Amino acid sequence: MQPGKEKIFMKNGQLCEDIRDYKDRWKDANVIEFIQEPGQIVFVPSMWHHQVHNIEDAISINHNVINACNVDLIIELMRTRLVDVYREIEDVRSILSCEEFEEKCQLILNADIRINFSLFQRFLNMVIDERAIDAVKCWVCAQHTCIFECKKDDRCIERIRSCLKKSCKCDKHTALCENCDIFVKSFELTCAIHAKFLLDSDKYR
Ligand SMILES: [Zn+2]
Ligand SMILES: [Zn+2]
Ligand SMILES: [Zn+2]
Ligand SMILES: [Zn+2]
């Protein structure tokens, strides 16, 4: 279900274990229900609450993805978890040099969430290198200097949507038309550049 809709299934700040027990609330929450058939992949967008119920024996293979839509959330996650790591190994800080301590923390962060600042930096550089071609221009907003602010503004989202609609020439034979392809690339480039900027500002804090 869409982000926030899970509140409908909460009681005392606790999410109910099985939403099938509350079918009467499904309509309010716009719950999407489906059966995943053999050979099918399910893409769950960031922050969409989901429940999986195996109706027969099954093996689940999951991958988490970073894309332009959740890159800012990943930075937030890395920041909070790094603070946890700092706190957790605070007692050895005095026997290590500053660099050593930082290095150890990054190592633990990677073991914890499978990403750390340097890996993330490399990933962003790769995205920027690949997307920064002539046809691809950064998305510019008159109101916000940061694309992650636009994400929180309904008018900005509507502006992006209508801009995309106007130029779209997609048909059912092509996955993505030329204009949409360029749009996606510029959106990804913009988000990657802003994410890099956020990371750099962390480094020189
Ligand atoms: Zn899941
Ligand atoms: Zn920014
Ligand atoms: Zn904006
Ligand atoms: Zn299109």
Side-chain angles (χ1 to χ4, degrees), residues 1-7 9-19 36 41-54 58-132 138-139 144-152 184-185 187-205:
M1 64 192 96
Q2 277 171 32
K5 292 284 189 197
E6 71 277 5
K7 285 195 192 92
F9 298 96
M10 292 233 253
K11 204 179 164 191
N12 305 328
Q14 200 83 41
L15 203 70
C16 70
E17 204 160 294
D18 191 339
I19 65 164
Q36 182 182 13
I41 285 176
V42 176
F43 174 75
V44 183
S46 303
M47 312 296 284
W48 282 53
H49 179 79
H50 53 282
Q51 289 193 346
V52 180
H53 302 281
N54 297 326
I59 299 170
S60 153
I61 301 168
N62 297 292
H63 282 285
N64 290 314
V65 293
I66 300 176
N67 58 29
C69 297
N70 67 7
V71 70
D72 53 329
L73 302 175
I74 305 294
I75 293 177
E76 229 169 89
L77 175 74
M78 281 200 308
R79 280 172 173 168
T80 12
R81 289 299 178 92
L82 185 62
V83 172
D84 291 343
V85 174
Y86 284 156
R87 200 180 304 130
E88 208 57 52
I89 64 165
E90 184 60 43
D91 52 331
V92 296
R93 192 193 275 268
S94 58
I95 59 164
L96 297 172
S97 73
C98 224
E99 289 78 27
E100 278 173 334
F101 181 74
E102 203 60 48
E103 208 177 287
K104 289 277 178 281
C105 287
Q106 291 294 328
L107 210 67
I108 296 170
L109 185 65
N110 186 28
D112 179 21
I113 56 171
R114 285 282 144 224
I115 190 109
N116 62 23
F117 282 62
S118 60
L119 278 176
F120 199 58
Q121 198 100 38
R122 261 169 57 195
F123 165 72
L124 291 175
N125 286 340
M126 190 191 78
V127 172
I128 292 169
D129 279 351
E130 237 167 59
R131 308 296 190 274
C138 267
W139 178 262
H144 307 103
T145 48
C146 184
I147 184 105
F148 304 132
E149 292 300 316
C150 296
K151 257 179 80 172
K152 298 173 202 152
V184 170
K185 286 200 173 82
F187 185 62
E188 288 171 347
L189 178 66
T190 314
C191 289
I193 289 173
H194 279 266
K196 202 173 143 88
F197 178 76
L198 286 181
L199 275 196
D200 285 345
S201 67
D202 272 8
K203 230 190 275 169
Y204 304 113
R205 211 169 24 182

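Keep in mind that this is a model prediction, so the values were computed, not measured.
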Contact check, side chains of [X] and [Y], non-hydrogen atoms, under 4.5 Å:
| X | Y | value |
| --- | --- | --- |
| Leu189 | Val127 | no |
| Trp139 | Cys191 | no |
| Leu15 | His49 | yes |
| Ile113 | Ile74 | no |
| Leu119 | Arg114 | no |
| Asp18 | His53 | yes |
| Val52 | Val42 | no |
| Met1 | Phe9 | yes |

Results of ring-ring contact (aromatic ring centres under 6.0 Å, His included) for Phe101 - residues two or more places apart only: Tyr86
Salt-bridge present (Lys185, Glu188; N to O < 4.0 Å): no
Inter-residue atom distance [X].[atom1] - [Y].[atom2], 0.5 Å rounding:
| X | Y | atom1 | atom2 | answer |
| --- | --- | --- | --- | --- |
| Lys151 | His144 | NZ | NE2 | 13.5 Å |
| Phe148 | Leu73 | CZ | CG | 9.0 Å |
| Arg131 | Cys138 | CZ | SG | 12.5 Å |
| Ile89 | Ile108 | CD1 | CD1 | 4.0 Å |
| Ile75 | Leu198 | CD1 | CG | 4.5 Å |
| Ile66 | Ile115 | CD1 | CD1 | 4.0 Å |

message: One pair to check against side-chain contact (heavy atoms from CB on, under 4.5 Å): Glu100 and Ile95. What are the steps and the verdict?
response: CA-CA 10 Å; Glu100 278 173 334; Ile95 59 164; over 6 Å; no
Heavy-atom pair of closest approach, residues [X] and [Y]:
| X | Y | answer |
| --- | --- | --- |
| Ala58 | Asn54 | CB-OD1, 4.0 Å |
| Ile128 | Ala192 | CG1-CB, 3.7 Å |
| His194 | Thr145 | CE1-O, 2.8 Å |
| Gln51 | Ile19 | OE1-N, 3.0 Å |
| Ser201 | Arg79 | OG-NH2, 4.4 Å |

With a cut-off of 6.0 Å (strictly less than), are more than 12 heavy atoms of other residues, nucleotides or ligands near [atom1] of [X]?
| X | atom1 | result |
| --- | --- | --- |
| Glu102 | CD | yes |
| Glu17 | CD | no |
| Met126 | CE | yes |
| Gln36 | CD | yes |

field: Residue among Asn70, Asn67, Asn64 satisfying side-chain hydrogen bond (donor to acceptor under 3.5 Å, both in side chains) with Ser46
entry: Asn70
message: Quick check against the 3.5 Å criterion: does Asn116 have a side-chain atom that pairs as donor or acceptor with the backbone of Leu109?
response: no
task: Output yes when a side-chain donor or acceptor of Glu6 lies under 3.5 Å from a complementary backbone atom of Gly4, and no otherwise.
output: yes
task: Not counting sequence neighbours, list each pair that qualifies as a ring pair (Phe, Tyr, Trp, His ring centres under 6.0 Å) and has a residue in residues 102-126.
output: none
- request: Could you pull out all residues at least two apart from Arg87 that satisfy salt bridge (Lys or Arg N to Asp or Glu O under 4.0 Å)?
  value: Asp84
